[in-house]
Structures are given as structure tokens and as C-alpha cells.
Amino acid sequence: MACISITMHALLLILVAALSSFSNLALAIQPSLGKWKLLKKSIGISAMHMALLPNDRIVTFDRTNFGPSNITFSKGKCPLNADGCYVHSVEFDPASRSIRPLTLLTDTWCSSGALSSDGVLIQTGGNNNGERVVRYFKTCAGCDWEEDRNGLVSPRWYASNQVLPDGKIIIVGGRRQFSYEFIPKTTESDHKQYELSFLLETRDSDAIPNNLYPFLHLSPDGNLFIFAKDRAILLDYVNNKVVRKYPVMPGGVSRNYPSTGSSVLLPLTMSSKKPTPDAEVFVCGGTLSNSIEKALAGEFIAASQTCGRLVINAAEPQWVMEEMPIARLMGDMILLPTGDVIIINGANEGAAGWGVARAPVLNPVLYRYNGAKGNRFEVLNPTATPRLYHSTAHLLSDGRVLVGGSNPNSNYNFTALFPTELSLEAFYPPYLTGTSLRPSITRVDPGREISYKEKLSILCRLKSKYGVQLDKVQVTMVSPSFTTHSFAMNQRVLVLEVEGTRRTSAGDYVVSASAPATATLAPPGHYQLFVINNGVPSRATWVPHGTGHDYEVV
Ligand SMILES: *[C@@H]1O[C@H](CO)[C@@H](O)[C@H](O)[C@H]1NC(C)=O
Ligand SMILES: *[C@@H]1O[C@H](CO)[C@@H](O)[C@H](O)[C@H]1NC(C)=O
């Protein structure tokens with residue numbers, strides 16, 4: 001009898017092992033679980049960094065000394081960068097799927113960035129001759145990179161950025177940089193850097209300063225939440241003072257590069273009854289700190305399956321842990337217009353770095369942040385393309401998630417185990433493949449720069465043959481990210497307070513909502529405004545918000 005039960009147990013283990021090795025396969029492709037579409041077989045470069053501009057173009061780049069990319073400048077237009085005539089940055093138009101080569105003169109490898117409040121993409125740092133460079137990319141038809149070679153006080157390689165309530169951008173950390181600084185540098189204090197011992201304390205060793213690309217989120221009180229490894233603080237960056245230390249995230253897992261999990265600030269709900277919303281940070285995946293050393297020695301250990309939620313402005317914040325359906329490192333966490341989270345890209349084993357990950361995770365998972373605990377995750381339909389180290393993802397205005405990049409290897413190696421990947425794909429989240437109707441925004445009043453607390457009237461339409469009405473209406477504002485290394489910097493979703501909805505005589509709808517009240521809730525900038533019907537978002541309308549003056553987006 002004992003013998004039989006052991007056999008049964010062994011059988012069960014084999015079954016579990018067999019099932020888990022198929023963790024990438026949804027049992028059957030169900031239309032309601034999203035779909036994939038190849039948008040471009042090759043954009044010529046590896047989409048290692050990605051940002052979206054207010055004209056809905058994607059700007060992406062890899063590194064300038066990377067060898068022969070698959071795209072060259074036309075004769076006579078070749079800039080004098082280290083790599084001769086090979087292009088390393090392109091603008092991609094998701095609507096026409098066309099690309100335009102852009103000119104980078106200094107190295108952008110493993111750099112950071114943010115869309116500034118006036119709609120200019122500001123990119124910072126990199127490696128080699130690019131480590132102190134600040135680069136500007138304006139939103140216009142023929143714009144190209146402009147580079148300021150003395151833009152930063154310190155070299156910043158693997159730093160993270162966040163837009164602040166005054167419109168400045170803070171740049172935190174970088175390899176062997178245990179400090180932060182601000183751009184643009186308009187005051188004397190901007191020309192200094194500020195020490196942050198937290199970054200030094202959270203490193204694993206001097207050899208591997210294992211807190212690169214720290215996770216940054218702006219708290220509604222204006223302070224900056226910083227997460228590195230498994231610890232977090234709240235920083236008053238004006239006075240260079242740590243105002244709060246959070247409990248250590250349980251589990252002993254490291255979440256930052258090269259152990260690479262990801263993090264988002266869950267949607268902030270605007271309410272006149274509760275002017276300061278709960279601000280909840282959600283961190284998922286990663287691996288043990290020594291995973292990189294093991295992987296370099298040929299042992300690829302399993303990634304973490306855990307996530308944690310922390311209300312960073314609670315009286316006594318505590319991590320609440322959850323488990324993803326699939327263990328993952330290097331997953332991109334992308335906030336959807338609904339506020340739900342897609343976890344996409346990455347691997348099941350190993351670490352972040354050159355060829356040190358195995359077992360790509362092909363299925364995205366959806367996380368319904370408002371769902372009942374234990375019932376929030378859903379495994380979605382898989383892609384066929386592994387997206388490992390240096391892959392990226394970005395929300396598009398049409399509600400799709402753009403995905404690109406993967407191991408870039410040296411010299412664009414197309415025969416390596418996980419080859420250099422030049423393609424871009426779009427993932428259609430379940431709200432685009434389900435049965436609920438999609439609303440469309442036809443006008444936003446006021447049709448100009450929106451001020452704090454301003455009342456908005458959003459005219460929208462729901463095309464229905466069957467008399468279906470606008471239902472469970474939500475209005476959200478999304479701040480576009482700068483994505484690299486599995487962290488979408490500056491992502492933010494604001495759920496606006498909806499005062500009411502009325503039907504016009506023409507059968508359209510007018511949704512009345514209020515703009516966010518303060519710059520600490522919504523730093524000045526260009527936001528994507530969405531109306532959501534029964535969980536299905538419209539296409540976004542871009543709104544400049546809180547910037548203090550009007551902008552024309554070309
Ligand atoms: C890009 O790749 C294609 C297909 O392999 C090849 O035909 C083309 O010559 C490449 N272009 C460049 C500039 O390397
Ligand atoms: C590509 O990677 C493979 C496997 O690592 C290696 O054998 C090959 O030499 C590389 N090719 C180039 C051109 O570097």
C-alpha cells in the first residue's frame with residue numbers, strides 16, 4: 001500500500017512537471033484571451049528602449065557601437081558616429097507601419113528617459129561617450145535627436161527617471177552612481193548631484209551593483225517612492241531626506257537588474273470625497289540575487305512567481321503577496337487604459353544579461369487589480385517570438401501593446417540561441433477581442449490645454465445596431481512611459497471622477513468628468529485620455545494637462 005502511494009505520488013510529480021514545462025501553452029487559443037499580430041518583420045534595429053510621442057509615433061533605439069544593424073543611412077547622410085553608416089534609432093509609425101532613421105552621435109546603451117511636460121522626449125545617459133549626454137527629441141514631422149554632451153553631472157548608465165510635480169525630471173542611480181540629479185538644469189541646485197546611501201546599501205556586491213534601474217513612483221504626497229532589490233524608501237528629494245522606510249518585501253527575491261522583476265503604481269482613483277487616493281505599488285517577478293552568477297556558470301535557476309502589493313501612503317504599509325500563474329523574470333508590466341496590468345515578455349529561468357536567460361515565457365498574463373484576491377490573474381494567448389533581455393513593451397493609443405526587442409547579442413547575431421530580434425508585434429488585450437462595444441471619442445471640451453480640477457465634457461459615440469447603451473463608464477488618463485529593461489518609467493493611470501453621462505439628441509453621449517486636482521497626483525504633461533465602456537477603452541485623445549500653456553502637437 002505504501003509502495004503504491006509512493007508511486008502515485010511520483011506519478012503526480014511527473015504530471016506536475018510535465019504540465020509546468022508546458023506553461024507557455026494555453027490549452028487552446030481562445031479569442032477572448034487576446035491576440036498577436038506581427039506589425040513589422042524588421043525595423044532594422046533592436047527595440048531596446050521605447051517611448052511614445054504625443055503624435056503617436058514610437059521612438060526606439062539600441063546602442064551606437066553595436067555593429068552592423070539592418071538599416072543604413074542613405075548615401076551622403078551618414079553621421080560620424082562610432083558605427084559608420086548603420087542606423088541605431090528609428091521612429092516607427094504604428095498607423096502606417098513605416099520607419100524613419102534617426103541620428104544618434106553618442107552611445108545610448110542602457111539609458112533612461114521620460115516624455116517631458118512640454119511633449120519633448122528627453123533621454124539621459126548611456127555608456128561610453130554617451131554617459132553624461134542629455135538628448136532631446138521633439139514631436140514634429142522631421143525632428144531628429146539633439147544632443148547635449150555635458151547634460152548630466154554624473155555618468156548615468158542603467159539609471160531610472162521620473163517626471164516631478166514641477167515638471168522637472170529626476171534621474172536616480174546608474175552603475176556605481178549612488179546619487180540623483182535633476183534636469184533640465186535651470187537653477188544652481190540642478191547643477192549638483194545628491195547622495196543616496198539607500199542605493200549603496202541595496203547593492204549585492206561591489207562587483208555587481210545589483211540595484212540598477214531602481215523602480216521609481218511618484219507618491220501623491222509629492223515624495224518619491226524608490227524600490228531596489230527587495231527594499232523601498234520614500235524620498236523627499238527636495239531636502240534629500242528619507243522620510244519613510246518600508247518593510248522588506250518578503251521572499252528574499254531580488255527584483256532589480258540583473259534579477260529583473262518589474263513594478264507599477266496601480267491606478268490612482270480621483271475622488272472629491274477622498275482627495276488623497278491610496279497609492280499602491282505592485283512589484284512582480286525577478287529572481288534570487290545569485291541567479292546571474294549561477295547562469296554565467298551554466299545553471300539557470302527558476303524565476304520567482306511572486307508579486308507584492310504595498311499601499312505606500314498607508315499608516316502602516318505592509319506587503320500583501322500574491323502568485324502569478326507563471327514564474328517570470330524580465331517581464332514588462334504595462335498599465336492598460338482600464339488600469340489592469342499586462343505582464344508580458346521575459347523568461348522562466350536565468351537572469352537578465354547577455355544570453356543568460358532560458359525558457360522564454362510566451363504567454364502574457366492579465367492582472368485585474370480590482371478583482372477578488374486569488375482571482376485576479378488570467379493567462380493570455382501566447383506569441384511565437386521569445387522576448388528575452390532587452391525586450392520592450394509600450395501601450396499604444398489604440399489600446400494595443402507594442403512589443404519589440406530581445407537579446408541583441410553582439411553584432412546583431414541571427415544564429416545565436418535566442419537571436420537578435422528586429423521585429424515589432426502588437427498584442428491585442430482581451431478587451432479588443434471580446435464582445436463588448438468599443439466607444440470612440442469625437443470631441444473633448446475644453447479643446448485645449450486642461451487645467452487642474454477643470455470640468456471636462458467628453459463627447460463619445462457607441463456604434464450599436466442593437467441599442468446597446470454606454471455602460472460602466474470610466475474615464476482614465478494615462479501618462480506614456482519610457483520603457484527599457486522591463487521597467488516602464490513614468491507610467492501612471494489616473495481614474496477620473498465621472499460626474500455623469502447624458503445622451504444627446506443625435507444618440508451620442510456626453511461624459512462629464514473632472515481633471516485631476518493636483519500636480520502631485522498628475523504631474524504636468526501630455527496624457528492619453530480614454531473613455532471606457534464596460535471594460536473596453538476607446539482610442540486615446542492626447543490632452544496636455546497642467547503645463548500652464550498651450551501646445552500644438554504636430
Ligand atoms: C537587412 O536584412 C535583409 C534580410 O536579411 C537583407 O536582405 C538586407 O540586406 C539587410 N539590410 C542591411 C542594411 O543590412
Ligand atoms: C553568433 O552566436 C553564435 C552562438 O553563440 C556563435 O557561435 C557565432 O559565432 C555568433 N556569430 C557572430 C557573427 O558573432
Side-chain angles (χ1 to χ4, degrees), residues 36-50 57-94 96-110 127-128 144-145 258 260 291-301 329-330 345-362 383-392 402-426:
W36 288 87
K37 184 173 186 176
L38 180 68
L39 294 187
K40 193 106 183 155
K41 199 159 169 279
S42 169
I43 56 164
I45 66 162
S46 173
M48 191 190 293
H49 314 78
M50 224 189 238
R57 306 288 161 86
I58 285 281
V59 170
T60 177
F61 49 92
D62 48 26
R63 56 185 277 203
T64 52
N65 56 350
F66 221 15
S69 69
N70 192 243
I71 178 170
T72 51
F73 288 100
S74 52
K75 272 213 173 77
K77 294 217 167 156
C78 172
L80 292 171
N81 64 2
D83 233 2
C85 254
Y86 293 103
V87 173
H88 291 289
S89 176
V90 300
E91 184 187 71
F92 173 70
D93 179 1
S96 65
R97 302 193 209 171
S98 58
I99 54 171
R100 184 166 74 86
L102 304 174
T103 315
L104 279 172
L105 299 179
T106 61
D107 192 9
T108 45
W109 186 24
C110 299
N127 191 222
N128 301 311
D144 207 338
W145 288 106
T260 309
S291 183
I292 179 77
E293 283 147 57
K294 293 208 164 176
L296 289 168
E299 188 192 345
F300 303 95
I301 64 171
L329 74 143
M330 297 189 289
N345 299 339
N348 213 222
E349 296 167 1
W354 298 80
V356 287
R358 293 291 183 276
V361 181
L362 302 177
T383 175
T385 309
R387 302 280 180 184
L388 300 174
Y389 186 47
H390 284 157
S391 58
T392 46
L402 185 69
V403 167
S406 189
N407 283 343
N409 302 298
S410 261
N411 292 317
Y412 299 84
N413 191 328
F414 302 109
T415 58
L417 173 58
F418 295 110
T420 300
E421 191 43 74
L422 307 178
S423 68
L424 289 181
E425 288 170 284

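Just follow the structure's listing: the first ligand is 1, and inside any ligand the first atom is 1. Values reported hereafter were calculated over all heavy atoms of this structure, with side chains retained and with hydrogens, waters and symmetry mates removed.
- Applying the ring pair (Phe, Tyr, Trp, His ring centres under 6.0 Å) criterion to W36, with sequence neighbours excluded, gives F427.
- Between the side chains of S98 and R57, no donor-acceptor pair is found at a separation under 3.5 Å.
- H49 places a side-chain N or O within donor-acceptor distance of the main-chain N or O of F61, the cut-off being under 3.5 Å.
- The shortest N/O to N/O separation between S410 and ligand 2 does not fall below 3.5 Å.
- Side-chain contact between L424 and R97 is absent, with no heavy-atom pair separated by less than 4.5 Å.
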Give one line per pair: atom of ligand 1, protein atom, distance. Only N/O to N/O under 3.5 Å.
{"unit_1": "ligand 1", "atom_1": "2 (O)", "unit_2": "N70", "atom_2": "OD1", "d": "3.1"}
{"unit_1": "ligand 1", "atom_1": "2 (O)", "unit_2": "N70", "atom_2": "ND2", "d": "2.4"}
{"unit_1": "ligand 1", "atom_1": "11 (N)", "unit_2": "N70", "atom_2": "ND2", "d": "3.1"}
{"unit_1": "ligand 1", "atom_1": "14 (O)", "unit_2": "N70", "atom_2": "ND2", "d": "3.2"}

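- Counting only N and O atoms by type, the side chains of E421 and T385 include no donor and acceptor under 3.5 Å apart.
- Using the six-membered ring where Trp is involved, F66 and W109 have ring planes that are tilted, between 30° and 60° apart.
- Contact annotation: T415 has at least one heavy atom less than 4.0 Å from an atom of ligand 2.
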Worksheet item: Stepwise, does the side chain to side chain contact (heavy atoms under 4.5 Å, CB included) test hold for V87 with L102?
Response: CA-CA 7 Å; V87 173; L102 304 174; over 6 Å; no
